[in-house]
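To start, the structure itself, in structure tokens.
Below, chain A is the first sequence line, B the second, and so on; all start at residue 1. Please read all numbers here as calculations on a predicted model, not as lab measurements.
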There are 4 protein chains.
Amino acid sequence: MKYSTGKETKRKIIDATFQLMADKGFDALSIDDIMTSIGRTKGSFYVHFKSKEELLYEVMRTRLDRGHGQMAEEILKELSKDNCNVRAILERVTDEIHSSSGQNRLTWAFAFYHLLIHSRKNEFVREWLESNEDQWSNFLRMIVKRGQELGQIRTDVDTQTITNMCMAIVVGYDILFMLNPQIDFSEVNHIHDWMFVNDQNPKNEG
Amino acid sequence: MKYSTGKETKRKIIDATFQLMADKGFDALSIDDIMTSIGRTKGSFYVHFKSKEELLYEVMRTRLDRGHGQMAEEILKELSKDNCNVRAILERVTDEIHSSSGQNRLTWAFAFYHLLIHSRKNEFVREWLESNEDQWSNFLRMIVKRGQELGQIRTDVDTQTITNMCMAIVVGYDILFMLNPQIDFSEVNHIHDWMFVNDQNPKNEG
Amino acid sequence: MKYSTGKETKRKIIDATFQLMADKGFDALSIDDIMTSIGRTKGSFYVHFKSKEELLYEVMRTRLDRGHGQMAEEILKELSKDNCNVRAILERVTDEIHSSSGQNRLTWAFAFYHLLIHSRKNEFVREWLESNEDQWSNFLRMIVKRGQELGQIRTDVDTQTITNMCMAIVVGYDILFMLNPQIDFSEVNHIHDWMFVNDQNPKNEG
Amino acid sequence: MKYSTGKETKRKIIDATFQLMADKGFDALSIDDIMTSIGRTKGSFYVHFKSKEELLYEVMRTRLDRGHGQMAEEILKELSKDNCNVRAILERVTDEIHSSSGQNRLTWAFAFYHLLIHSRKNEFVREWLESNEDQWSNFLRMIVKRGQELGQIRTDVDTQTITNMCMAIVVGYDILFMLNPQIDFSEVNHIHDWMFVNDQNPKNEG
DNA sequence: GATGAATGAGGGTTCATTCAT
DNA sequence: GATGAATGAACCCTCATTCAT
């Protein structure tokens with residue numbers, strides 16, 4: 001049909017952009033590319049967005065945010081229990097990160113790291129990414145700290161460093177994955193074999 | 001320096017491009033930007049390069065290659081000794097990676113990950129990166145394997161996975177570093193505290 | 001009001017256009033600007049006008065016409081009297097010109113001279129302006145001629161030239177006014193001090 | 001020839017713009033229009049100007065400035081003489097205004113009044129016009145004042161007002177001329193017949 | 001009457017590339 | 001080697017206009 005609802009077209013534009021920016025990056029993506037890919041003409045883009053930049057922000061908010069909001073509360077409640085299994089919690093979080101990026105993890109990864117690169121020249125994007133990372137960092141640190149308090153996580157390395165290592169290995173696997181999509185992403189959890197003290201350690205990779 | 005020609009201007013172009021592409025990325029960089037920054041005019045670019053793409057390849061070869069060639073031979077010789085200290089070797093390799101990126105690590109990181117992103121749409125770049133990664137992967141695996149043979153590295157996780165983890169944590173710290181340049185890059189080595197078996201583990205700095 | 005239809009929205013559109021075109025000119029004015037300013041949306045513009053051009057003509061007719069029709073008859077009757085005071089009549093006409101442009105003289109002036117400029121590329125506008133000017137010219141010439149016949153206006157310069165001078169000084173003050181809105185528009189009448197013969201010249205206001 | 005000197009092309013662009021903006025106005029003029037009219041393509045415009053706006057300023061400076069600088073000094077010297085003929089001086093100034101607008105007075109007038117209109121939305125243009133007008137106003141006032149001091153110009157109207165009237169009538173004739181190019185522009189000088197006291201008034205040409 | 005999605009032409013601007021000088 | 005004028009394609013964005021709802 002020639003006339004769709006605004007909401008639908010807007011969603012299509014965001015979806016298409018997310019897909020396409022994984023390949024070419026946001027800058028190299030033309031509005032014509034986007035609109036043609038959804039069967040519309042260039043001019044009508046501006047019915048839905050004030051500018052290309054606004055589109056980027058929308059894509060960030062709706063497609064690239066590895067938000068943990070929904071999960072966070074449950075986790076915090078779980079953590080406060082005396083007998084909580086911190087390793088199980090941590091692995092749940094890692095899984096969530098994977099699955100939250102949607103079915104097409106590679107697409108997500110390229111789009112996301114495009115954004116990281118883009119942040120160098122766009123303050124707004126940079127702040128958004130920093131805040132994103134802060135949230136994750138704080139969230140993870142809380143878990144690690146609790147693990148150490150409960151004697152489940154080793155204490156030979158300090159809390160912040162362990163947190164950084166966890167984050168680094170997750171994003172590092174993103175990068176390896178982009179270079180070689182055959183990599184088994186679940187390997188990430190092996191670091192837990194070392195991080196957690198032995199008697200806590202019955203699990204042996206998936 | 002590994003410049004293939006002795007031409008001074010050509011070298012200047014490559015250096016300037018490497019510096020500038022960290023900020024804006026290669027695509028967003030215009031030939032005018034580059035040539036102006038070295039006090040020349042646009043037209044003379046084509047005296048030195050057939051195209052902008054060729055320039056990218058030249059930058060890759062001379063500035064973004066985390067080559068390990070020089071070091072590799074020495075390492076292999078060292079590894080073959082009966083009493084070699086694998087942890088020391090590994091840390092030397094990690095240090096080399098850091099320092100090989102030059103004084104300005106952040107510049108290097110942005111430029112390199114620009115390239116990674118760029119690889120999605122450029123076969124040549126993709127192959128170059130894959131080959132780059134293969135070399136490193138093979139090299140590291142050799143070291144890890146030797147460490148396991150000698151009983152210095154734990155064997156509860158298989159060789160390839162440990163290799164991947166080492167690589168992931170190195171590139172992961174690159175990414176964290178891009179998000180937050182205050183991060184202490186030497187933390188990377190803490191994974192060795194866990195990876196190596198205890199009596200091998202005298203080092204404890206932060 | 002001289003709006004041809006009773007339609008409220010149509011009137012609003014015309015008014016808004018008149019106001020807005022003083023700032024940006026008619027060409028630079030978008031239909032979106034106009035409709036937004038009256039709290040309607042772009043699409044409904046075409047319920048009221050066939051095209052943007054038609055709107056211009058409507059604005060011309062209803063807001064930019066310095067028509068003298070109403071006044072003309074009275075003046076003619078007055079002029080035919082033996083003892084008529086031509087200077088008083090002329091000043092009444094001048095005042096009428098000022099006040100006919102509405103409260104916001106500056107708005108009127110910019111809009112009108114926009115139109116004059118526009119006339120260069122639009123035959124219809126040009127003809128309208130020419131006819132407008134002809135009417136005024138004829139009307140004024142009649143007054144001047146009568147003044148000369150009665151010995152009230154000097155005869156050292158011929159009728160048509162005096163008429164032109166009167167018109168020029170009126171529109172000239174429009175222009176000075178646009179450049180410097182502090183100018184005292186009533187100065188225009190000082191030319192009468194010279195134009196009329198001395199014993200006719202008791203008036204001296206500023 | 002395909003490659004001209006920059007100076008020549010720049011001049012051609014300015015000339016063409018001056019000609020074309022009389023018809024369509026500066027805004028309605030596209031860079032494509034301009035460049036096509038001089039046998040070049042749109043892209044090369046930016047070799048010569050940073051932006052379309054910069055072109056406007058250049059046209060203003062080189063084509064629309066009714067500068068009086070050259071003449072001013074001579075006039076001032078003349079004025080200081082005891083027996084100077086102020087009317088002759090004033091008529092020389094008026095003539096200069098006419099001729100300084102070049103051969104094609106109508107073109108000049110439309111371009112100039114386009115600019116005046118444009119000033120409403122461009123601060124820089126507005127200031128330029130104001131300063132332009134100030135210079136003229138000051139210059140003319142000096143002449144009028146001297147004329148009054150010497151008893152050559154009537155004193156029943158104050159200096160500033162006479163100055164304004166002179167300016168108004170000059171620009172007013174510009175406008176009449178735009179409406180009707182047949183008008184005899186030299187009529188402007190007839191106001192001098194009234195402005196100067198009688199015994200000074202031997203001149204009577206049309 | 002009004003809405004707002006869609007169109008298509010065109011505008012200013014950028015840029016890799018070519019080429020006469 | 002270097003310059004800088006010129007090209008032509010592409011880009012983001014604007015806008016008068018149309019039309020289904």
> Using Watson-Crick pairs (N1 to N3, plus N6-O4 or O6-N4) and G-U wobble pairs, both distances under 3.5 Å, which stems of at least 3 pairs involve DNA chain F?
Replying inline: E:2-21 with F:2-21
> For F45(C), what residues pass the ring pair (Phe, Tyr, Trp, His ring centres under 6.0 Å) criterion, not counting sequence neighbours?
Replying inline: F49(C)
>> Once side chain to side chain donor-acceptor pair (under 3.5 Å) is applied, do any residues pair with T107(D), and if so which ones, sequence neighbours excluded?
In response: N104(D)
>> Does dG4(E) have OP1 or OP2 under 4.0 Å away from a side-chain N or O of H48(A)?
In response: no
> Which is true for L55(A) with a 4.0 Å heavy-atom rule: it touches a base, it touches only sugar-phosphate, or it touches nothing?
Replying inline: nothing
> Who pairs with L29(D) by side-chain contact (heavy atoms from CB on, under 4.5 Å), at least two apart in sequence or on another chain?
Replying inline: T17(D), L20(D), M21(D), K24(D), D33(D), I34(D)
> Among dT18(F), dA2(E), dT3(F), which nucleotide sits nearest the side chain of S44(C)?
Replying inline: dA2(E)
> When you check the phosphate oxygens OP1 and OP2 of dG1(E), does a side-chain N or O of T9(C) lie under 4.0 Å from one of them?
Replying inline: no
>> R120(C): which residues meet the side chain to side chain donor-acceptor pair (under 3.5 Å) condition with it, sequence neighbours left out?
In response: D23(D)
>> Enumerate the salt bridge (Lys or Arg N to Asp or Glu O under 4.0 Å) contacts for residues 39-50 of chain C, please, sequence neighbours excluded, ordered by first and then second residue.
In response: K50(C)-E54(C)
>> For Y57(A), give me all partners under side chain to side chain donor-acceptor pair (under 3.5 Å), at least two apart in sequence or on another chain.
In response: E53(A), N122(A)
> With sequence neighbours left out, what residues match K10(D) under side chain to side chain donor-acceptor pair (under 3.5 Å)?
Replying inline: none
> Heavy-atom contacts under 4.0 Å between residues 30-39 of chain A and DNA chain F, which residues?
Replying inline: S30(A), I31(A)
